[in-house]
Trainee: 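Please see the structure below; I have some questions.
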Amino acid sequence: MSDIKDSFQSLVALALNEFKDKNALGGDPLSPALVRVETPPKPEMGDLGVPMFPFAKNFRMAPPMIAKGVADLIAASHAAELASIGKILAVGPYINVKLDKSSTASDIISAIMSQGSAYGSLDKNGKKPLEGRKVMVEYSSPNTNKPLHLGHMRNDALGESVSRILKKAGAEVFRTNIINNRGIHICKSMLAYRLFHEEKGDTPESLGIKGDHFVGQCYVEFDRYLKGEKDKPETAHPEAQQMAEDMLVKWEAGDADIRALWEKMNSWTLAGVQETYDRTGVGFEKLYFESDTYLLGKEIIQKGLDSGVFYVADDGSTRIDVTEAVGKDKEGNSQTKVLLRKDGTSVYITQDLGTAVRRHEDWPYNQMVYVVASEQIYHFKVLFYILRKMGFDWTDKLYHLSYGLVNLPSGRMKSREGTVVDADDLIDSLHADALKAIEERGRGEEVGDADSVAEKVALAALHYYLLQVAPVKDMMFDPAASLSFNGNTGPYLQYMGARIASILRKAAEQDLEPGSSDANLSLLGHESEWALLKDLQRFPELVAKAADCLDPSIIACYLYDVCKDFSAFYRDCPIMSEAASNRPLALARLTLASCTHTVLKQAMELVLVPYLDRM
């Protein structure tokens, strides 16, 4: 159908130029690129349309008049070209075309059947749109003082989904993860362990909990120790902040005792986090560690000091004026960014500078995508500005994929106060509810391994709910709504996939085979069949768009449209009951169902929704 769109676009451009010359309107010839092909809002208006608004000013004519004149010209003078496309219509200010259903259906189904799982990767020229492009994607970025939480789940889902979409579009993708394993926040967990657990010999194993959960517990304990009990200010320990800062200085100085404790607690957290990655299907080509890159960051800062890009402030800290990048503050003052504290210890941006340089050395890319929450927009403006000031010519290849925060009905999450929703706990809860639903519906025997199915339903509920919203938007996560088997949810998509799989199994039992030579695709003319066919042909175009925009919600919304239209198709166009009286039509519809199944599986994979063939 991409070829048909191109042919229609070229035909309208040709006719527009002829119309212009016929009416002595003057001006340069119009390029086909100026002709924008759209989808009309209602099927009865046509299948493809071109608005005439962009030409009204130069033609000094109302858009409906241009549309009528050009449509008449096409019908009268270009009947041969039009015959391979369809029927031309002037609908108000639009030139629309109703496509020839028989040839279009055959083209769409042939492409899907021949390409199989590769369908969606190729553009109208038969090439992958991002072929030869190298994209590095950074996401997750956990801290080793706490487990992954709901906010990380949106980050992980976005990063993994974007990576899969880019790869589907033909890019070579390198997934990276920066582990924030050093700094004052890490020392706070370490100090709490020293104060409350070390003497007792507590370990995750001895306490029977995951390592990341245990270290996160220590972080919460530090905050409570620092602030004291509510309404009991005498129980506060304000000196704990300085104790943590002193520990950080010792860590950077290489203190053997501090380093040993740090390595032990980091290993606990990383083992626990990896379990969560394995569970959610998230992976990386390379892990970077802040502890390995902050020294390179310090070297870069020293070079900046030597060259005058940075300066030492009156308080002893190393800074840069970033007003050019972020503007003045609310009071109209210039803004500066601290790069090293007065005691010489590094901050987040220190390691970010080192990591950016190291990664480009390791794997030179065409684009580097940082998947980080919108809270860090300022940080990345500053980071990119500093790299540019330091003369790194690849800075224009860096992009911050900013996404909104995930909130709960109870409010915003705060890890130091212990009010976060741990990722593991959330998935466990979704899993339990999914398993309960399977058992209540008496589907345990039918689905086989009910526990495994419940896990996949839980992941579908979580990932789809997080990805159906455009990244830029804040969102509220509703666990109960995410698990619904009706409506715009991951489990609903899984149900539709399983439903089609069931149809294909039953067809096989009756020796009905999708793609059979007996199938008469020219019979696919019902409105519901046509709506579904047009959905399927959009998949390659939307994969390319999602890759270009770095927006998985495009694929998520598409999936829901396909499922809705398949449901209408299955309601209006019987397959199995048609086999006896009209086998060619039944086989054509079965082939359409099979093609839908192929596209659904591919699209679900892109948005981290596990496929199920039984539910």
Trainee: Among side-chain atoms of R388 and T395, is any donor-acceptor pair under 3.5 angstrom?
Mentor: no
Trainee: Could you walk me through whether C549 and I554 satisfy the side-chain contact (heavy atoms from CB on, under 4.5 Å) test, starting with their C-alpha distance in whole Å, then the side-chain angles of each, then the deciding distance to 0.1 Å, before giving a yes or no?
Mentor: CA-CA 9 Å; C549 299; I554 292 171; 4.3 Å; yes
Trainee: Taking ring-ring contact (aromatic ring centres under 6.0 Å, His included) as the definition, give me every residue that meets it alongside H213, ordered by chain and number, with sequence neighbours left out.
Mentor: none
Trainee: Is it true that the side chains of Q602 and K168 contain a donor and an acceptor less than 3.5 Å apart?
Mentor: yes
Trainee: Evaluate the side-chain proximity of F214 to W268: yes if any heavy-atom separation is below 4.5 Å, no if none is.
Mentor: yes
Trainee: Might you work through the side-chain contact (heavy atoms from CB on, under 4.5 Å) test for I386 and K389, ending with a clear yes or no?
Mentor: CA-CA 5 Å; I386 294 172; K389 293 289 285 185; 5.6 Å; no
Trainee: Could you check whether atom NZ of K337 has more than 12 heavy atoms from other residues, nucleotides or ligands sitting under 6.0 Å from it?
Mentor: yes
Trainee: Is R359 close enough and on-axis enough to Y288, meaning under 6.0 Å and within 45°, for cation-pi?
Mentor: yes
Trainee: Is the centre of the Y370 ring less than 6.0 Å from the centre of the H400 ring?
Mentor: no
Trainee: For Y139 versus S163, what's the shortest heavy-atom pair and its separation?
Mentor: CE2-OG, 3.8 Å
Trainee: Just do the side-chain contact (heavy atoms from CB on, under 4.5 Å) check on V135 and Y365 with the steps written out, would you?
Mentor: CA-CA 6 Å; V135 185; Y365 42 72; over 6 Å; no
Trainee: Going by atom types only, do E138 and N177 share a side-chain donor-acceptor pair under 3.5 Å?
Mentor: no
Trainee: Say whether, by atom type as modelled, one donor and one acceptor occur between the side chain of S429 and the main chain of D425 under 3.5 angstrom.
Mentor: no
Trainee: Y225 and F196: aromatic ring centres closer than 6.0 Å?
Mentor: yes
Trainee: Is the distance between the ring centroids of H379 and F384 under 6.0 Å?
Mentor: no
Trainee: With rounding to the nearest 0.5 angstrom, report the CE to NZ distance, M136 to K286.
Mentor: 8.5 Å
Trainee: Would L122 and K127 satisfy side-chain contact (heavy atoms from CB on, under 4.5 Å), going step by step from the backbone distance to the final call?
Mentor: CA-CA 5 Å; L122 305 179; K127 296 181 179 180; 5.9 Å; no
Trainee: Could you tell me the separation between the CG atom of N266 and the CG atom of N145, rounded to the nearest 0.5 Å?
Mentor: 9.5 Å
Trainee: Does H360 use its side chain to pair, donor to acceptor, with the backbone of V357 at less than 3.5 Å?
Mentor: no
Trainee: Roughly how far, to the nearest 0.5 Å, is the CG atom of L405 from the CZ atom of R154?
Mentor: 8.5 Å
Trainee: Could you give all pairs that pass the ring-ring contact (aromatic ring centres under 6.0 Å, His included) test and reach residues 244-267, with sequence neighbours left out?
Mentor: W251-W262, W251-Y294
Trainee: Please list, chain by chain and in numerical order, all residues satisfying side chain to side chain donor-acceptor pair (under 3.5 Å) with D202, sequence neighbours excluded.
Mentor: H197
Trainee: Which residues satisfy the side-chain contact (heavy atoms from CB on, under 4.5 Å) test with L305, sequence neighbours excluded?
Mentor: Q302, F310, V312, T318
Trainee: May I ask you to decide whether E229 forms a salt bridge with K232, counting only side-chain N to carboxylate O separations under 4.0 Å?
Mentor: yes
Trainee: At what distance, to the nearest 0.5 angstrom, does CD1 of I186 lie from OG1 of T144?
Mentor: 3.0 Å
Trainee: Which residues pass the side chain to side chain donor-acceptor pair (under 3.5 Å) test with T293, not counting sequence neighbours?
Mentor: T355
Trainee: Go through the steps to decide whether K200 and S206 satisfy the test side chain to side chain donor-acceptor pair (under 3.5 Å), and finish with yes or no.
Mentor: CA-CA 10 Å; K200 295 185 290 183; S206 69; over 6 Å; no
Trainee: Answer yes or no: are there more than 12 heavy-atom neighbours, outside E199 itself, under 6.0 Å from its atom CD?
Mentor: no
Trainee: Between E605 and R164, does the salt bridge (Lys or Arg N to Asp or Glu O under 4.0 Å) criterion hold? Intermediate values first, please.
Mentor: CA-CA 8 Å; E605 172 73 14; R164 294 183 186 187; 3.3 Å; yes
Trainee: Is it the case that the side chains of T269 and D212 hold a donor-acceptor pair, with the cut-off being a distance below 3.5 Å and no angle test?
Mentor: no
Trainee: How would you list, by chain and number, every residue that makes a side-chain contact (heavy atoms from CB on, under 4.5 Å) with A325, sequence neighbours excluded?
Mentor: Y385
Trainee: Of all residues at least two apart in sequence or in a different chain, which pass the side-chain contact (heavy atoms from CB on, under 4.5 Å) check with L550?
Mentor: V162, L166, Q367, V369, Y399, L401
Trainee: Salt-bridge test for K342 and D314: reply yes if a basic N is under 4.0 Å from a carboxylate O, no otherwise.
Mentor: no
Trainee: Run the side-chain contact (heavy atoms from CB on, under 4.5 Å) test against D343 and tell me which residues pass, sequence neighbours left out.
Mentor: V249, R341, T345
Trainee: Under the 3.5 angstrom rule, does the side chain of H149 hit a backbone N or O of G151 as a donor-acceptor pair?
Mentor: yes
Trainee: Counting heavy atoms not belonging to K134, are there more than 12 under 6.0 Å from its NZ?
Mentor: yes
Trainee: Out of curiosity, C557 SG to D551 CG, how far, rounded to the nearest 0.5 Å?
Mentor: 8.0 Å
Trainee: List in chain and number order the residues that pass side chain to side chain donor-acceptor pair (under 3.5 Å) with R194, two or more places apart in sequence or in another chain; answer none if no residue qualifies.
Mentor: E198, D257
Trainee: Tell me whether K601 forms a cation-pi arrangement with Y611, defined as NZ or CZ under 6.0 Å from the six-membered ring centre and within 45 degrees of its axis.
Mentor: yes
Trainee: Less than 4.5 Å apart, any side-chain heavy atom of V382 and any of V326?
Mentor: yes
Trainee: Residues two or more places apart in sequence or in another chain: which of them pass salt bridge (Lys or Arg N to Asp or Glu O under 4.0 Å) with D255?
Mentor: none
Trainee: Which heavy atom in A169 sits nearest to a heavy atom in A547, and how many Å separate them?
Mentor: CB-CB, 3.8 Å
Trainee: Any donor and acceptor pair, going by atom type alone, linking the side chain of S161 with main-chain N or O of P552 inside 3.5 Å?
Mentor: no
Trainee: Identify whether the distance between the nearest side-chain nitrogen and carboxylate oxygen of K128 and D123 falls below 4.0 Å.
Mentor: no
Trainee: Quick one: which residue pairs count as a salt bridge (Lys or Arg N to Asp or Glu O under 4.0 Å) with a foot in residues 173-192, not counting sequence neighbours?
Mentor: E160-R175, R175-E285, R182-E252, R182-E290
Trainee: Can you confirm whether the side chains of S140 and Y277 place a donor and an acceptor under 3.5 Å from each other?
Mentor: yes
Trainee: Please, which pairs that meet ring-ring contact (aromatic ring centres under 6.0 Å, His included) have at least one residue in residues 454-473, sequence neighbours excluded?
Mentor: Y465-F477
Trainee: Taking K264's backbone N and O only, do any of them form a donor-acceptor pair with S267's side chain (distance below 3.5 Å, no angle check)?
Mentor: yes
Trainee: Does the salt bridge (Lys or Arg N to Asp or Glu O under 4.0 Å) test come out yes or no for D451 and K456, once each step is laid out?
Mentor: CA-CA 9 Å; D451 194 64; K456 291 177 180 178; over 6 Å; no
Trainee: Is the backbone of G332 close enough, under 3.5 Å, to the side chain of D329 for a donor and an acceptor to pair up by distance?
Mentor: yes
Trainee: Indicate yes or no: at least one non-hydrogen side-chain atom of I301 is less than 4.5 angstrom from one of T350.
Mentor: yes
Trainee: Ion pair present between D393 and K397, side-chain N to carboxylate O less than 4.0 angstrom?
Mentor: no
Trainee: Are T336 and D321 linked by a side-chain donor-acceptor pair shorter than 3.5 Å?
Mentor: no
